[in-house]
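Both counts, for ligands and for their atoms, begin at 1 and track the order of listing.
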Amino acid sequence: MTYAELNKYPLSGWFPGHMLRAGKQMQESLRLVDLLVELLDARAPLSSRNPELLEGLRQKPRILLANKADLADAAVSRQWAAYFAAAGESVTFVDSRRLGNVRGLLQEWRGLIESGGSRPAFARPLRIMVLGIPNVGKSTLVNRLHRRNKAQVGPKPGVTRQNQWVSLDDGFELLDTPGVIWPRLRDKCHELMLNLLGNIRDEVVEAQLSAQFLCLKMQELGAQKRLAEQCGIETNQGRPELWLEQYARKRNFLLQGAEPDLERAALAIIKDFRDGRLGHISLEKPLGAC
Ligand code: G4P
């Protein structure tokens, strides 16, 4: 199986209705905020954003946070930092579950709002909207910032009822219904990548295709040794499509007649990747980087 062969499979076409509603709410709330914090997945910073959707939001100061940096390859993250800097965007890599990682963010954001001249004309808290694709870590970040600041949560009049503002005690308010952006999928491989990262629900994507994509990626990245070590797969023998079969046999995932249970093997290898058991892996590198 090659990337081109994977791309022949149809996209799932999954677009839940609540995403559309959330997108509309997000647009309505935009005028109320001073800064957009866009979360990306550090393991695939370009594939985990929707630049077209953000095109219309250029008038608001925006900062990029590449989340789940703990799962990414630190050397590749440094390449991404250089890539975004060259494009005039600064990006901070964080593990938003860790207080130490998010502690300094608010002061950084205040500086950005003030230097960008978008400070509100009258005294009111600075308002921030956290946005990004599903499961990228928006709630985790909001909760972490919230807990650090002993915030009170309450509905705010004049704003769409579903939106909640979290008041932080040092002059900030965060929008607690984080803006959900829907990724604009390029092709099947893009969908498989986002499924591996947890952004597209497992129910709508074929696990065996995602696992095949992962094996191909590991080979492309020269990281197949990790599969050999972690999963006992002989990655120097055979093509990636055979690795799943080997893995099934290794773990004794067998169907009747001792046929390898490829579905079970696929689910297990995807879980290994998501739990970080295959090491720090970035699925995407900036163009031109090696
Ligand atoms: P969302 O609001 O953007 O939809 O994402 P959410 O915060 O719900 O996070 C989705 C999953 O990603 C959660 O795991 C969360 O713990 C995990 N996560 C968020 N930030 C980070 C990070 O920086 N590093 C790592 N490794 N994981 C992160 P979950 O398994 O869905 O839930 P749970 O196990 O935390 O209960």
**Q** Contact between ligand 1 and Gly132 is defined here as a heavy atom of the residue under 4.0 Å from a ligand atom; is it met?
**A**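 In this structure, Gly132 fails to qualify as a contact of ligand 1 - no heavy atom is under 4.0 Å.
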
**Q** Test your reading of the model: is there a side-chain donor-acceptor pair from Lys68 to the backbone of Ala42, 3.5 Å cut-off?
**A** no

**Q** Could you tell me whether the side chain of Asn143 and the main chain of Ser139 form a donor-acceptor pair under 3.5 Å?
**A** yes

**Q** Any luck finding a side-chain donor-acceptor pair between Arg201 and Ser12 under 3.5 Å?
**A** no

**Q** For Gly137, is at least one N or O under 3.5 Å away from an N or O on ligand 1?
**A**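 Between Gly137 and ligand 1, an N or O pair is found under 3.5 Å apart.
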
**Q** Give the atom numbers and elements of ligand 1 that come within less than 4.0 Å of a heavy atom of Asp70.
**A**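 Ligand 1 atoms under the 4.0 Å threshold to Asp70: 22 (C), 23 (O), 24 (N), 25 (C), 26 (N).
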
**Q** Give me the one residue out of Tyr3, Tyr9, Phe273 that meets ring-ring contact (aromatic ring centres under 6.0 Å, His included) with Phe213.
**A**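 Exactly one pass, corresponding to Tyr3.
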
**Q** Quick one: which ligand 1 atoms are inside 4.0 Å of a heavy atom on Leu71?
**A**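 Within the 4.0 Å cut-off of Leu71, ligand 1 contributes 26 (N).
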
